[in-house]
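Numbered from 1 within each chain, the chains take letters A, B, ... in sequence-line order.
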Amino acid sequence: NAGVTQTPKFQVLKTGQSMTLQCAQDMNHEYMSWYRQDPGMGLRLIHYSVGAGITDQGEVPNGYNVSRSTTEDFPLRLLSAAPSQTSVYFCASSYSRQGRENTEAFFGQGTRLTVV
Amino acid sequence: EDKVVQSPLSLVVHEGDTVTLNCSYEVTNFRSLLWYKQEKKAPTFLFMLTSSGIEKKSGRLSSILDKKELFSILNITATQTGDSAIYLCAVRPSGSRLTFGEGTQLTVNP
């Protein structure tokens with residue numbers, strides 16, 4: 001199993017450009033999430049999904065869109081990049097276990113995005 | 001609004017010291033508390049705690065949860081330079097979401 005795979009690893013965008021950060025997992029996990037990490041602020045939840053076709057907003061959703069057409073993929077779209085979106089982005093997945101607490105979140109290796 | 005506060009935010013110790021990292025939380029719904037270690041890249045999982053008073057242990061690391069006082073601690077004994085990292089505490093209020101604290105930057109000097 002590859003686990004959670006994010007692409008690209010690094011990206012530089014100009015203000016106003018759009019792009020999609022890719023996230024794929026091969027563990028058949030129903031839960032997937034996107035976080036951004038800024039210095040001194042821990043990880044903040046952008047959007048999350050509890051299954052294919054179901055998404056919801058997290059703490060900092062503005063400027064980002066997501067979709068979940070398959071269990072495996074959860075892309076994050078930046079509609080019009082701004083310097084404030086310069087950050088490290090992590091995708092994570094987890095799954096539920098009947099009668100027990102859900103598993104821990106498994107993280108991808110991150111995408112370092114710079115918007116100039 | 002859910003909130004997780006970690007302390008201290010940074011800590012510098014010498015090899016062999018014992019450290020205690022703190023995590024307090026306020027959430028509308030609690031399911032579990034998780035600790036992660038982050039070096040250069042992705043956070044790696046350490047512990048998940050769901051019940052008060054039950055210590056989880058892995059080698060030199062241990063953690064415990066107090067659901068009455070709403071906090072958790074992570075202990076690292078006989079620290080090594082390889083323990084240098086950011087330690088993240090997160091609370092899970094629902095099955096798919098995690099609320100993270102700011103993290104504690106631990107530096108272990110030889």
Practice prompt. Using a 4.5 Å cut-off on heavy atoms from C-beta on, say whether the side chain of Ser94(A) contacts that of Arg92(B).
Written response: yes

Worksheet item: So if you build clusters from Ile, Leu, Val, Met, Phe, Trp, Tyr with side-chain heavy-atom gaps below 4.5 Å, do Met32(A) and Leu45(A) land together?
Response: no

Worksheet item: When hydrophobic residues are tied together by side-chain contacts of less than 4.5 Å, even through go-betweens, does Leu49(B) share a cluster with Leu70(B)?
Response: yes

Discussion item. Does any backbone or side-chain atom of Thr50(B) lie under 4.5 Å from a heavy atom of chain A? Answer side chain, backbone, both or neither.
Written reply: side chain

Worksheet item: For Tyr95(A), is it the side chain, the backbone, both, or neither that has a heavy atom closer than 4.5 Å to a heavy atom of chain B?
Response: neither

Worksheet item: So if you build clusters from Ile, Leu, Val, Met, Phe, Trp, Tyr with side-chain heavy-atom gaps below 4.5 Å, do Ile86(B) and Phe47(B) land together?
Response: no

Discussion item. Working to the nearest 0.5 angstrom, can you tell me the gap between Arg44(A) CZ and Glu102(B) CD?
Written reply: 11.5 Å

Worksheet entry | Proximal component of Leu43(A), with respect to chain B [non-hydrogen, under 4.5 Å] | both

Worksheet item: Hey, are the side chains of Phe106(A) and Phe45(B) touching, using non-hydrogen atoms and a 4.5 Å cut-off?
Response: no

Worksheet item: Considering only heavy atoms, which portion of Leu98(B) lies under 4.5 Å from any heavy atom of chain A: side chain, backbone, both, or neither?
Response: both

Worksheet item: In the single-linkage hydrophobic clustering (I, L, V, M, F, W, Y; side-chain heavy atoms under 4.5 Å), do Tyr48(A) and Met27(A) co-cluster?
Response: no

Discussion item. Under 4.5 Å from any heavy atom of chain B, what part of Gln37(A) do you find: side chain, backbone, both or neither?
Written reply: side chain

Worksheet item: Is Tyr31(A) reaching over with its side chain to a backbone N or O of Arg97(B), donor-acceptor style, under 3.5 angstrom?
Response: no

Worksheet item: Which region of Ser96(A), side chain (C-beta onward) or backbone (N, CA, C, O), has a non-hydrogen atom less than 4.5 Å from a non-hydrogen atom of chain B, or is it both or neither?
Response: neither

Discussion item. Assigning hydrophobic clusters by single linkage (Ile, Leu, Val, Met, Phe, Trp, Tyr; side-chain heavy-atom cutoff under 4.5 Å), is Phe74(A) placed with Leu76(A)?
Written reply: yes

Fill in: Nearest heavy-atom neighbours spanning Gly108(A) and Ala42(B)
O-CB, 2.9 Å

Discussion item. Centroid separation under 6.0 Å, is that true for the rings of Tyr36(B) and Phe107(A)?
Written reply: yes

Worksheet item: Around atom CD of Gln17(A), are there more than 12 heavy atoms of other residues, nucleotides or ligands at under 6.0 Å?
Response: yes

Discussion item. Which atoms of Ser93(A) are under 4.5 Å from chain B, going by heavy atoms: the side chain, the backbone, both sets, or neither?
Written reply: neither

Discussion item. Could you check whether any side-chain heavy atom of Asn102(A) comes within less than 4.5 Å of a side-chain heavy atom of Arg31(B), counting everything from C-beta outward?
Written reply: yes

Item to complete: Could you tell me which of Ser33(A), Ser49(A), Ala105(A) has the largest number of non-hydrogen atom pairs under 4.5 Å with chain B?
Response: Ala105(A)

Worksheet item: Just wondering, are more than 12 heavy atoms of other shown residues or ligands nearer than 6.0 Å to NZ in Lys57(B)?
Response: yes

Practice prompt. Give a yes or no on this: more than 12 heavy atoms of other residues, nucleotides or ligands lie within 6.0 Å of atom CZ of Arg112(A).
Written response: no

Worksheet item: Are Phe90(A) and Gln38(B) side-chain neighbours, meaning at least one heavy-atom pair lies under 4.5 Å?
Response: yes

